[in-house]
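Heads up, the thing below is written out as structure tokens.
Below, read A as the first sequence line, B as the second, and so on, with proteins coming before strands; counting in each chain starts at 1.
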There are 2 protein chains.
Amino acid sequence: MTKNDTIYTISDLAQRFDITTRTIRFYESEGLLSPERAGQKRLYSPRDYTTLKLILRGKRLGWSLAESRELIQMYNPAQNNQAQYQKVLERVQESRERLQHQLNDIEVMMLELDEHEDQVRQAMQKT
Amino acid sequence: MTKNDTIYTISDLAQRFDITTRTIRFYESEGLLSPERAGQKRLYSPRDYTTLKLILRGKRLGWSLAESRELIQMYNPAQNNQAQYQKVLERVQESRERLQHQLNDIEVMMLELDEHEDQVRQAMQKT
DNA sequence: ATTTAAGTTTACGTTAACGTCAACGTAAAT
DNA sequence: ATTTACGTTGACGTTAACGTAAACTTAAAT
């Protein structure tokens, strides 16, 4: 078993991801994180670390915290019966479709940028 | 010259893009659109149409209206000197880099979804 | 002539995602 | 023993991106 028992404090994570501790606590209050406690203090595991990474990646793609929370819950091994598993697979598929749509949008945007760069360069020539 | 003189009303556009007229007026108030007028009434050109398409594409990628506005202004042929042109080219490059970053994020997300689907399918077998 | 339908401006309301104090606890360093 | 650094829980503030409602105009249809 490879058990990584690294532990992060809240300011550790804040520094590593360049966010504020307020943000991290907010994510917890929204049900996206659930760190251990040592008394009052929060202790974050490698799992929390990757969850945070997932959240921020989602943000860069315009996903809401609610959507990221769904993803996170989906990744949590809390299911047991076939119906539950089936639902997870459907959610996975939905996420994939959304990502695919975003891929298309990016492609179109890139093409438009290419076109426009050409136009600008041509206009520069005539000067 | 191929001059397309189609004209859209505000509710035309609202229907076609499945948004509200309020949204369209809001975008105008934020400087993203500037339709012609016939008295009080707004008249939208094919150019406005594509601008709206750009805005909504941006939204699906998590771009703010301010960012889309920059893109739109960039696409507007209002520059004349070399320095201005150069700035536009820099902006184009920045946009491309952001899109490239988003592409990477999507790829990672897709891989994670693939992995998780495998895990779920394996768990289903054991039932 | 007057409904009806679509449009307009103005203004206040709402939600998500935090920011910004304030007031306090705790543990290590001087 | 008391700074100093880091943490905690409220609680109110802020911004972006619209929603919603009111009060009014205008053109077309009955």
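Within residues 23-39 of chain A, the residues that place at least one heavy atom under 4.0 Å from DNA chain C are, in residue-number order, T23(A), F26(A), Y27(A). The stretch residues 46-56 of chain B has no heavy atom under 4.0 Å from DNA chain C, so no residue of it qualifies as close.
For dC18(D), one of the phosphate oxygens OP1 or OP2 lies less than 4.0 angstrom from a side-chain nitrogen or oxygen of K59(B).
First and last contacts of DNA chain C with chain A, using any nucleotide atom under 4.0 Å from a protein heavy atom and ordered 5' to 3', fall at dA17(C) to dT20(C).
By the ring-ring contact (aromatic ring centres under 6.0 Å, His included) test, Y85(A) is found to be paired with no residue, residues two or more places apart in sequence or in another chain being considered. Shown here are the side chain to side chain contact (heavy atoms under 4.5 Å, CB included) partners of E94(A), two or more places apart in sequence or in another chain: R91(A). Checked against ring-ring contact (aromatic ring centres under 6.0 Å, His included), F17(A) has the following partners two or more places apart in sequence or in another chain: Y49(A). In this structure, D12(A) has no salt bridge (charged side-chain N to carboxylate O under 4.0 Å, His left out) partners at least two apart in sequence or on a different chain. Residues satisfying the salt bridge (charged side-chain N to carboxylate O under 4.0 Å, His left out) criterion with R16(B), sequence neighbours excluded, are absent altogether. Residues meeting the side chain to side chain contact (heavy atoms under 4.5 Å, CB included) test with N81(A), sequence neighbours left out: A83(A), Q84(A). Taking Y27(B) as the reference, nothing meets the ring-ring contact (aromatic ring centres under 6.0 Å, His included) condition, with sequence neighbours excluded.
Closest-nucleotide positions on DNA chain C for R42(B) and T20(A) were compared, and the one nearer the 5' end corresponds to R42(B). Ranked by how close their nearest DNA chain D nucleotide is to the 5' end, Q40(B) and Y44(A) are led by Y44(A).
Residue I7(B) is found in a hydrophobic cluster whose other members, listed by chain and number, are L43(B); membership requires side-chain heavy atoms under 4.5 Å apart, directly or through intermediates.
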Q: Apply the test salt bridge (charged side-chain N to carboxylate O under 4.0 Å, His left out) to residues E28(B) and R37(B): give CA-CA distance (whole Å), side-chain angles for both, the deciding distance (0.1 Å), then the verdict.
A: CA-CA 13 Å; E28(B) 179 178 352; R37(B) 295 275 180 147; 3.4 Å; yes

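Distance, R22(A) CZ to dT8(D) P: 12 Å, rounded to whole Å.
Applying the salt bridge (Lys or Arg N to Asp or Glu O under 4.0 Å) test to residues at least two apart or on different chains, the pairs with a partner in residues 105-114 of chain A are D105(A)-R60(B), E112(A)-R57(B), D114(A)-R96(B).
In this structure, T9(A) reaches the sugar-phosphate backbone alone: every heavy-atom distance under 4.0 Å involves primed, P, OP1 or OP2 atoms, never a base.
Distance CZ/R22(B) to CD1/I10(B): 10.0 Å, rounded to 0.5 Å.
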